[in-house]
Amino acid sequence: PVPPRASGGFALARGAGRRRRNDPESIVEEARASDLRSSVEEERAEEEFAADVVLLAEHLMDIRDACGAEEAVFWRLMPGGADHPETARLVPAVWSTADAPRPAYFDTARWGPMVSWANEGGVVVFDTDTDVEAARCCAAPVILDRRPIGVLSVTAAGGLGMPAASAKQWMPRYAAQLIRLLTLSEQRRESSRSMRQMAALFKTLRQLQQHSSQEVLGRFVCDTAMEVTSATAAALVRWRADMEKGSVRHTTDRFRHRAPFPLDGNTLVSEACRTGEQQLHQNAAHYGPSISVFEAGDGAWRQGPIGIVPLKRDKGVIGALVVAADAEEAITADELETLEVLGTVAAAQLEIVWEIDEVSKRARQDALTGLANRRSFDEHLRRLLNEAERFGQPLSLVLADIDHFKRINDTWGHEAGDEVLRRVARALQEGVRQVDVAARYGGEEIALLLPQTSMAGAADLADRLRRAVAGRPVKFKGEEIAVTLSFGVAAFPTSVRTRDGLFRAADQALYEAKAGGRNCVKVASGSNAQEAT
């Protein structure tokens, strides 16, 4: 392909995505502002990059002068996509002409094909004719470890200042010098970057003890993961090896899903947690829309690499760090090793915070249904009533009772009754908002607290839930168990004027729903109950 005209040396040098670590051609790629999160670090990276570009330009000036040329240009080989490698192209990365927005003395129409031939053939190419003794253009491939990474060209409209034979001998040497300079510059930048990464890790170690909230700790760990890698998104996963299941505890903005949410078993992250092995997938687009990162077919990351690093403690894997980036190959195996160090540093504190949270959750959770227990319900009720009074917003309470639950136990056994309770609890939990509270109040009775919800809104919700449960019989050991619910609805201050009367009003409405034939919704309004179905 014919190289396009440049639109600016520094801009072009930053125009491509970041490549593999220790790859010298990355010196002329995009400045890695995304690698660093603080403004001070970004400024330092920009200064280092600008210094490298200046160094390269000065070296090209030396080559230009040695060849008696008007201009020397390093053309970087930009690879094509994974599905279309034939789209690889050469672009001018750095040139010797100071302060020029593009190579000033390169005739693209005449010499562009020669630069391409030098790259494709891996040989030195000349432009000579009978008008001048010396070549007007000489192009030599720049090769690293038998892999072409670009082309070095020198040009002069009136002919170079050295014979073609000398140019043929020296141009490969100049290309080799360019390789060494690129390598040294990249090593220096990587050393500087490693120092910044280590500083970030030490900062993490110092600050971890300050974060006792799992939400704050999760955000801090994800932000640090992006700081020490090239990632533009990060997520933190909690894994229970004894149960082989997990949950996503924190996600940054670029992921499509907002935490917390359960982790599906048949996903990339679950597989990494089960095996304890790191994963690096360089292009999520390879999987298409069916990619499963957190949930089956979630397409959580559409383009670019995804890295997964399991978090390990003595008992095994306790979670995972997930990072993703937009640019092709932006995340490297070396960066995952750095991320593993971060995970090792953070895992101990994460384990403590998670275990404390789970102990607290178990103390407030019904073991059978997973809903809040009565103790937790009472705490939420007091808090929400205080907020309703303070802000003048309604608070609705819905009580649901499984119809003929004793008959279900007597007919199919208590194991079936437990399964019915679990299914009903799940249906009600899925039908309410995150701000709502679903609790098993006792036996087969479930209570729903709905903040900032009117009586009418609560009654409508109760009826939707009633119809949803009635429309889905519970399957148990090959049989279907028909399940219906009765609902009682009350609201503060609509149906009751005192805080203590809210539960009694909803319970009375539930009693009337049971007495009125079951599988219905009754709302409390003063001393009267009205049917809402």
Side-chain angles (χ1 to χ4, degrees), residues 1-6 8-9 12-13 24-25 27-28 52-78 88-186:
V2 176
R5 288 189 179 273
L12 277 170
E25 74 211 64
I27 194 68
V28 292
D52 288 337
V53 171
V54 169
L55 185 63
L56 280 173
E58 290 176 350
H59 183 65
L60 289 175
M61 291 178 188
D62 292 339
I63 294 175
R64 175 199 63 191
D65 296 342
C67 294
E70 293 173 322
E71 192 168 54
V73 181
F74 172 55
W75 303 82
R76 181 185 177 277
L77 180 62
M78 298 286 290
R89 66 193 189 282
L90 289 159
V91 298
V94 186
W95 45 87
S96 62
T97 309
D99 301 324
R102 61 183 179 82
Y105 302 102
F106 189 87
D107 187 336
T108 303
R110 183 171 186 177
W111 296 325
M114 293 182 56
V115 173
S116 295
W117 297 336
N119 172 67
E120 293 166 2
V123 296
V124 179
V125 179
F126 297 91
D127 173 25
T128 59
D129 57 34
T130 56
D131 294 338
V132 295
E133 294 182 1
R136 292 189 174 94
C137 175
C138 183
V142 178
I143 299 174
L144 173 68
D145 297 332
R146 300 182 181 180
R147 182 170 60 91
I149 66 169
V151 173
L152 171 64
S153 71
V154 291
T155 57
L160 299 174
M162 67 165 56
S166 297
K168 186 175 183 180
Q169 177 185 4
W170 281 99
M171 283 295 287
R173 297 184 185 182
Y174 293 143
Q177 290 176 0
L178 189 61
I179 283 288
R180 286 193 290 272
L181 184 60
L182 289 168
T183 302
L184 289 172
S185 297
E186 177 64 12

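Residues take their numbers from the sequence shown, with the count starting at 1. Hydrogens, waters and symmetry mates play no part in the numbers below; they use all other heavy atoms, side chains included.
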Among W170, F126, Y174, which residue satisfies the side chain to side chain contact (heavy atoms under 4.5 Å, CB included) criterion with C138?
F126

Considering non-hydrogen atoms only, spot the tightest contact between R173 and Q169 and give its length.
NH2-NE2, 3.2 Å

Which residue in the set D145, I143, I149 passes side chain to side chain contact (heavy atoms under 4.5 Å, CB included) when paired with I179?
I149

Heavy atoms of L152 and A175 approach each other most closely as CD2-N, 3.9 Å

Rounded distance [0.5 Å steps], CZ in R76 versus CG in L182:
10.5 Å

Looking only at atom types and distance, does a side-chain atom of E70 sit under 3.5 Å from a main-chain N or O of Y105, one as donor and one as acceptor?
no

Where do F74 and L60 come nearest, in terms of heavy atoms and distance?
N-CD1, 4.0 Å

For A57, side-chain contact (heavy atoms from CB on, under 4.5 Å) partners two or more places apart
V94

Closest non-hydrogen atoms of W95 and P101, given as atom of the first, atom of the second and distance, are CZ2-O, 3.5 Å

How far apart are the closest heavy atoms of W111 and R136, and which atoms are they?
CZ2-CB, 3.8 Å

Considering residues at least two apart in sequence or located in another chain, which fulfil the side-chain contact (heavy atoms from CB on, under 4.5 Å) criterion with L181?
L55, L56, H59, S185

Correct closest heavy-atom pair for L178 and V142 would be CD2-CG2, 4.2 Å

Take V115 and F106 through the test side chain to side chain contact (heavy atoms under 4.5 Å, CB included) and record every step on the way to the result.
CA-CA 11 Å; V115 173; F106 189 87; 3.7 Å; yes

Report the C-alpha separation of M114 and S153 in whole Å, then their side-chain angles, then the decisive distance to 0.1 Å, and conclude whether the side chain to side chain contact (heavy atoms under 4.5 Å, CB included) test is met.
CA-CA 9 Å; M114 293 182 56; S153 71; over 6 Å; no

Going from CZ on R64 to CG on L160, what distance comes out if it is rounded to the nearest 0.5 angstrom?
13.0 Å

Side-chain (S96) to main-chain (A72) donor-acceptor, under 3.5 angstrom
yes

